[in-house]
Amino acid sequence: MEIGFLGLGIMGKAMALNLLRHGFRVTVWNRTLSRCDELVEHGASVGETPAAVIKRCKYTIAMLSDPSASHSVSPRYLALMPFKREDALTEEVFLMNMQVVFDKHGVLEEICQGKGYIDMSTVDGNTSSNISEAITKKGGLFLEAPVSGSKKPAEDGQLIILAAGEKALYDEIFPAFEVMGKRSFFLGQVGNGAKMKLVVNMIMGSMMSAFSEGLVLADRSGLDQQTLLDVLDLGGMANPMFKFKGPAMIQRSFTPAFPLKHQQKDMRLAVALGDEHAVSMPVAAAANEVFKRARSMGLGDNDFSAVYEAVKNPDGATQM
């Protein structure tokens, strides 16, 4: 099976490498083409544009979660933007997905009957629906399939894939999902995958914010933070996130597996989803504010566990 792959950030690179290692033929594209070099060393081909990748491959996966620098907003996209222009990163991710699909040399130039487009980026449900409508009008098949998991699960092929859209395409691309993930869920109509991912990441971010508060409170009240981790690991709250993130947080080491700026983007979108459905979410809203403070402290490119620094230093000063 030959698969196109658009986007080689932290997650996309690891996912594409797994496909190559398991015998898939892969054609890759990235806005910065030099990022394709390592994949070429492992046997990938390079497409000069998204359209070139679509033309060559029956199935093309997009993982566009590492936006480039800010872009000016075309009026054609402004009309489709499903959120207020309050958050630059949310806007950038939206724009990258829309540009890759709609712009010159984009996906729509070559998508046609018999070809499938699988968007594994994390976007809101309305953006997925807009892209799906454009793809299907050209005769193509569309599947949204955001993932739960960060760098290490992506490298190990242990992601959780949350797919929605065209069931036939889900069945056809399933062998690739088996390589990239430990479990795949088909959730029905387009938009459900995006919503599930936002709910999952909202819970994760809220937990990380509370976990950071606990670590800081233990330290300030004279308790040993490692002992807190040991106690948590033996009780009903034991979970892999606390187990693996906790020791690094104590050491104030925040090598990015899932960048904080993306976690905050997802928190914001989840809170907006709550507003849309009249769901009161005071815990998530408060956690979002802590992540926003961490971004204002210049921690956006660190791992999302760096929210610990915003709790530890609420005045905004860091001494990492």
Side-chain angles (χ1 to χ4, degrees), residues 1-9 11-13 15-16 19 24-37 39-40 44-82 91-146 163-166 168-170 172-173 176 190-191 193-194:
M1 180 184 288
E2 183 163 7
I3 294 177
F5 207 104
L6 311 178
L8 300 176
M11 300 291 288
K13 173 183 168 183
M15 294 159 69
L19 292 172
F24 288 84
R25 300 187 306 278
V26 182
T27 298
V28 298
W29 172 88
N30 194 76
R31 192 179 296 275
T32 303
L33 284 175
S34 60
R35 290 192 181 181
C36 300
D37 293 347
L39 280 296
V40 171
S45 302
V46 177
E48 293 295 319
T49 64
V53 175
I54 294 287
K55 183 176 182 178
R56 177 167 181 168
C57 304
K58 182 176 181 180
Y59 308 107
T60 297
I61 292 170
M63 187 62 172
L64 305 169
S65 58
D66 274 339
S68 60
S70 297
H71 306 282
S72 59
V73 183
S74 167
R76 66 188 295 200
Y77 302 139
L78 191 59
L80 295 172
M81 194 176 288
E91 181 178 304
E92 287 173 21
V93 173
F94 167 82
L95 286 174
M96 174 170 272
N97 279 273
M98 299 301 276
Q99 289 169 336
V100 164
V101 174
F102 291 95
D103 276 5
K104 185 178 181 180
H105 305 307
V107 169
L108 286 185
E109 287 194 4
E110 294 293 342
I111 199 75
C112 59
Q113 189 171 359
K115 291 184 179 290
Y117 185 69
I118 303 97
D119 190 352
M120 303 188 76
S121 314
T122 299
V123 296
D124 63 282
N126 288 332
T127 299
S128 284
S129 295
N130 285 330
I131 294 173
S132 174
E133 182 179 359
I135 296 291
T136 54
K137 278 185 177 179
K138 296 275 293 196
L141 300 178
F142 178 80
L143 193 72
E144 63 170 354
E166 180 60 55
L169 179 55
Y170 174 80
E172 291 172 19
I173 201 66
V190 170

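The figures here come from the full heavy-atom set of this structure, side chains too, leaving out hydrogens, waters and symmetry mates.
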Exercise. Start with the C-alpha gap between I54 and K115, add the side-chain angles, then the distance that decides, and say whether side-chain contact (heavy atoms from CB on, under 4.5 Å) holds.
Key: CA-CA 8 Å; I54 294 287; K115 291 184 179 290; 4.0 Å; yes
Exercise. Evaluate the criterion side-chain contact (heavy atoms from CB on, under 4.5 Å) for residue pair M11 and M120; output intermediate values, then yes/no.
Key: CA-CA 10 Å; M11 300 291 288; M120 303 188 76; over 6 Å; no
Quiz item: What do the steps show when you test F5 against V53 for side-chain contact (heavy atoms from CB on, under 4.5 Å), and what is the final call?
Solution: CA-CA 8 Å; F5 207 104; V53 175; over 6 Å; no
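Counting only distance, with no hydrogens or angles, the side chain of E144 and the backbone of G191 share a donor-acceptor pair below 3.5 Å. A donor-acceptor pair under 3.5 Å links the side-chain atoms of K138 to the main chain of L108, judged by distance alone. Between the S132 side chain and the S128 main chain, no donor and acceptor come within less than 3.5 Å of each other.
The distance from atom CD of E110 to atom SG of C57, rounded to the nearest 0.5 Å, is 11.5 Å. Considering CG of L8 and CZ of R35, their distance stands at 8.0 Å, rounded to 0.5 Å. Rounded to the nearest 0.5 angstrom, T60 OG1 and K55 NZ are separated by 13.5 Å. With values rounded to the nearest 0.5 angstrom, I173 atom CD1 is found 13.0 Å from Y117 atom OH. Atom CE of M63 is separated from atom NZ of K13 by 14.5 Å, given to the nearest 0.5 angstrom. Atom CD in E172 sits 6.5 Å away from atom CG in L141 (nearest 0.5 Å).
Closest of all the heavy-atom pairs between Y170 and A163 is CD1-CB, 3.7 Å. In terms of heavy-atom proximity, G193 sits nearest to A164 at N-CB, 3.6 Å. Between P146 and S121 the shortest heavy-atom distance is CB-O, 3.7 Å. Nearest heavy atom pair, residue N30 against residue L33, reads O-CD2, 3.4 Å.
The only option from D119, I118, I135, I61 that meets the side chain to side chain contact (heavy atoms under 4.5 Å, CB included) definition with L143 turns out to be I118.
A 4.5 Å side-chain heavy-atom check between V107 and L6 finds at least one atom pair inside the cut-off.
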